[in-house]
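Lettering of chains follows the sequences in order, A, B, ..., and the numbering in each one begins at 1. Fair warning: this is a prediction, and the values are worked out from it, not measured in the lab.
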Number of protein chains: 2
Amino acid sequence: MWFRVEPGRGVPIYVQLMEQIRRAVASGVLTPGEQLPSVRELALQLSINPNTVSRAYQELEHEGIIYTLRGRGTFVATPSSTLTDRERLRRLDEAVERLLVEAYQLRCTPAEVLAAVKKKVAGMGGKDTQKGEIEHDDE
Amino acid sequence: MWFRVEPGRGVPIYVQLMEQIRRAVASGVLTPGEQLPSVRELALQLSINPNTVSRAYQELEHEGIIYTLRGRGTFVATPSSTLTDRERLRRLDEAVERLLVEAYQLRCTPAEVLAAVKKKVAGMGGKDTQKGEIEHDDE
DNA sequence: GCTGATGTATTAATATTATAGTACTGTGCC
DNA sequence: GGCACAGTACTATAATATTAATACATCAGC
């Protein structure tokens, strides 16, 4: 598949995997309902242990990004938040703060930051929200 | 001082400290040239080992956020980037991408993201760049 | 040069984490 | 029921990172 991990680079393998899957989902490369490769298959392909893949899958499931049906496989979840709007915006705010701290250290001007955000936001599908609303058959 | 850390919460103490200092600097609570508490003082106050504080200081120094004069103390650095403009913007882009992946997972709309960024950007001093240009006496 | 402030190096104990091996359980299909 | 595919639990080990104890080095002021 389209994943790539490098061991012994500080970042744990399962975290690298998680990030790539998260990005693939966020960018629409992986769509809700789509099946991910089996833990064994992916493990073989990346020359890592199936448990390491499993770990990545489990943590992502815990985050609600994907879901798993035992014996059948692992699938991309339909995005849905269990958070209140208030909490959702609070977390967004925290994330933005982290961005701005980082931008400060890069000595980026507010204009640059805004421009960068606008560009990427536009690039990621101009819709008002994300993908469709296909329900998946949870247990 | 104004720091607070909680051990045994997943995030290493020295990382917690780093984050708080980074934010304090970015938000202007700590200004360039200002002296930070000594490693011992801060360690005592937080009931942690001086070396833990030292570690945070060293990593931040490595990042160019603060600087240290042996035997004298640790101070907030004047922001300055050794990066090329291209590199600077590339990193900004990466940071923005991380924000958007996070926002996606929170199911925030592009409009919400933009609004949040605009609000915080405005809040952090409307200047075109950061603080002044006071030089500090590096070795 | 002594003193008291500072940061630092070295080393060791500890805790945590990452990874792997192996055996187990559930599902779909024949 | 048996098989082949899926994920999972359990255990062990290795690697790494975190924190601490302690002793050392530098600087300013006297």
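When distances run from any side-chain atom of A/Tyr57 to the nucleotides D/dG7, C/dA20, C/dG7, the shortest one goes to D/dG7. Minimum atom distance to the side chain of A/Val39 is reached by D/dT8, of the listed C/dT19, D/dA28, D/dT8. Here D/dT19 is the nucleotide among D/dT8, C/dG7, D/dT19 with the atom lying nearest to any side-chain atom of B/Ile13.
In this structure, the CG atom of B/Leu17 is 14 Å from the P atom of D/dT18, given to the nearest Å. Distance, B/Met18 CE to D/dT19 P: 12 Å, rounded to whole Å. To the nearest angstrom, P of D/dA6 lies 12 Å from CG of A/Leu42. In this entry the distance linking CG of B/Leu44 with C1' of C/dA5 reads 15 Å, nearest Å. A/His62 has its NE2 atom 13 Å from the P atom of D/dT8, to the nearest Å. We find that CD of A/Gln58 is positioned 7 Å from C1' of D/dT8, with the value rounded to whole Å. In this structure, A/Leu36 places its CG atom 16 Å from C1' of D/dC5, rounding to the nearest Å. Straight-line distance from the OH atom of B/Tyr67 to the P atom of C/dT8: 14 Å, rounded to whole Å.
In this structure, A/Asn49 does not reach the C/dA18 phosphate: none of its side-chain N or O atoms is under 4.0 Å from OP1 or OP2. Regarding contacts with the backbone of D/dA6, a side-chain N or O of A/Ser38 is found under 4.0 angstrom from either OP1 or OP2. Here B/Arg55 reaches the OP1 or OP2 of D/dT18: one of its side-chain N or O atoms lies under 4.0 Å away. Note on B/Thr74: a side-chain N or O is less than 4.0 Å away from OP1 or OP2 of C/dG7. B/Thr52 has no side-chain polar atom (N or O) that falls below the 4.0 Å cut-off from OP1 or OP2 of D/dT18. The phosphate of D/dT19 has neither OP1 nor OP2 within less than 4.0 Å of any side-chain N or O from B/Tyr14.
The residue among A/Pro12 and A/Gly71 whose nearest nucleotide of DNA chain C is located toward the 5' end is A/Pro12.
Residues B/Thr84 and B/Glu87 have side chains that never bring a donor and an acceptor to within less than 3.5 angstrom of each other.
Proximity of B/Leu114 to A/Lys118: side-chain heavy atoms (C-beta onward) are separated by under 4.5 Å at one or more points. In this structure the side chain of B/Ile65 never reaches within 4.5 angstrom of the side chain of B/Val76, judged on heavy atoms.
The base of D/dG7 sits within donor-acceptor range of the side chain of A/Arg40, with an N or O pair under 3.5 Å. Within 3.5 Å, a donor on the side chain of B/Asn51 pairs with an acceptor on the base of C/dA9, or the reverse.
In this structure, B/Glu112 contributes its side chain and B/Thr109 its backbone to a donor-acceptor pair below 3.5 Å. Judged purely by atom type and a 3.5 angstrom limit, A/Arg23 has no side-chain atom pairing as donor or acceptor with the backbone of B/Val101.
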